[in-house]
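Only a predicted model underlies this, so the values are computations on that prediction, with no experimental measurement involved. The first residue in the sequence is number 1, and the count goes up from there.
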Amino acid sequence: VERLKRVMVPLIQAADNKRPLNQIKVGIMEDDRVNAGSGGSGQYIVTTGLLRKANDQQLAGVLAHEVAHDDLGHVAKQQTLQTGLAIGMVILDQIVPGSGQLTPVAGTLIARAYGRNEEYQADAHGAEILKRAGHSPKVMEQTLTWLMSTEGGSEGGFFATHPATDDRIAALRRTVQ
């Protein structure tokens with residue numbers, strides 16, 4: 001939880017439309033796949049697979065992409081993943097040091113599927129957010145490359161709702177110098 005806070009808070013603060021940290025909620029979902037999502041309105045979901053497999057730079061790249069979706073106000077059709085998932089909600093500025101425990105919450109999880117143009121916009125804006133937060137804008141490209149090697153062409157996880165990674169990397173190279 002502390003790692004997630006350390007990586008995500010600077011990204012939230014680097015967004016164009018800054019939200020107070022006490023309005024940001026992050027759900028941690030038990031799932032081995034590498035994935036994250038934005039539910040809009042400062043609500044995010046991160047899988048335990050992402051937290052276990054990503055280094056801090058890769059985690060920042062994935063989270064910057066999701067923060068960018070929220071920051072850009074992307075609206076998309078909703079897709080119910082499944083009910084009864086155990087997640088822990090964390091309000092970023094209210095983490096008690098040493099608590100370490102997340103309260104499981106069962107319920108329906110909503111993910112958003114975006115169009116290709118919105119994904120490209122989120123990549124480019126995510127690279128800008130990374131830059132503002134003190135990272136190299138190349139982190140986004142490196143993260144996409146890592147995701148491709150980690151998740152491969154599998155149908156679940158990060159690639160289930162995203163355009164081809166090679167196309168996204170090429171688009172980033174055209175927009176991020």
Task: Under 3.5 Å side-chain donor-acceptor pair for His69 and Glu119 - done: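 Their side chains do contain a donor-acceptor pair, which is all the 3.5 Å distance test asks for.
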
Open item on the list: Restricting to salt bridge (charged side-chain N to carboxylate O under 4.0 Å, His left out), what partner residues turn up for Glu141, sequence neighbours left out?
Closed with: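 Residues passing salt bridge (charged side-chain N to carboxylate O under 4.0 Å, His left out) with Glu141: Lys138, Arg173.
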
TODO: For Arg19, enumerate each residue passing the salt bridge (charged side-chain N to carboxylate O under 4.0 Å, His left out) test, keeping only those at least two apart in sequence or located in another chain.
DONE: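 For Arg19, the residues satisfying salt bridge (charged side-chain N to carboxylate O under 4.0 Å, His left out) (neighbours in sequence not counted) are Asp70.
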
- [ ] Go through Lys53 and Asp32 one step at a time and tell me if the salt bridge (charged side-chain N to carboxylate O under 4.0 Å, His left out) criterion holds.
- [x] CA-CA 9 Å; Lys53 296 174 185 175; Asp32 286 336; over 6 Å; no

TODO: Could you tell me whether the side chain of Glu66 and the main chain of Ser38 form a donor-acceptor pair under 3.5 Å?
DONE: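 Confirmed, Glu66 side chain pairs with Ser38 backbone.
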
Task: Hphob cluster co-occupancy, Val62 + Leu72, side-chain heavy atoms under 4.5 angstrom - done: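 No, it is not one cluster - the side chains of Val62 and Leu72 are not joined through contacts under 4.5 Å.
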
- [ ] Look at the side-chain heavy atoms of Ile, Leu, Val, Met, Phe, Trp and Tyr, link any pair under 4.5 Å apart, and say whether Ile24 and Leu59 land in one connected group.
- [x]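 Cluster IDs for Ile24 and Leu59 match.
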
Open item on the list: Suppose we screen for side chain to side chain contact (heavy atoms under 4.5 Å, CB included). Which residues come up paired with Ala133, at least two apart in sequence or across chains?
Closed with: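 Expected list: Pro10, Leu11, Ala14, His135.
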
TODO: Under the side chain to side chain contact (heavy atoms under 4.5 Å, CB included) rule, collect the residues that match up with Ala68, sequence neighbours excluded.
DONE: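 Ala68: side chain to side chain contact (heavy atoms under 4.5 Å, CB included) contacts with Ala122, His125, Ile129.
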
Task: Partners meeting side chain to side chain donor-acceptor pair (under 3.5 Å) with Gln142 (sequence neighbours left out) - done: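 Partners of Gln142 under the side chain to side chain donor-acceptor pair (under 3.5 Å) test: Gln57.
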
How many angstroms lie between [atom1] in [X] and [atom2] in [Y], if you round to the nearest 0.5 Å?
{"X": "Leu51", "Y": "Glu30", "atom1": "CG", "atom2": "CD", "answer": "10.0 Å"}
{"X": "Ile12", "Y": "Lys5", "atom1": "CD1", "atom2": "NZ", "answer": "13.0 Å"}
{"X": "Gln121", "Y": "His65", "atom1": "CD", "atom2": "NE2", "answer": "11.0 Å"}

Where is the tightest heavy-atom contact between [X] and [Y], given as atom of each residue plus distance?
{"X": "Ile45", "Y": "Ile28", "value": "CD1-N, 4.2 Å"}
{"X": "Tyr44", "Y": "Val67", "value": "OH-CA, 3.6 Å"}
{"X": "Leu50", "Y": "Ala36", "value": "CD2-CB, 4.0 Å"}

Open item on the list: As a quick check of understanding, evaluate side-chain contact (heavy atoms from CB on, under 4.5 Å) for Trp146 and Asn55, giving each step before the final call.
Closed with: CA-CA 10 Å; Trp146 170 76; Asn55 64 32; over 6 Å; no

Open item on the list: Given Leu63, which partner from the list Val46, Leu130, Val26, Thr143 fulfils the side-chain contact (heavy atoms from CB on, under 4.5 Å) test?
Closed with: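 Exactly one candidate clears the test, Val46.
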
Open item on the list: Can you pull out every salt bridge (charged side-chain N to carboxylate O under 4.0 Å, His left out) where at least one residue sits in residues 55-65? Sequence neighbours excluded, please.
Closed with: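 Salt bridge (charged side-chain N to carboxylate O under 4.0 Å, His left out) check on residues 55-65 returns Arg3-Asp56, Arg6-Asp56.
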
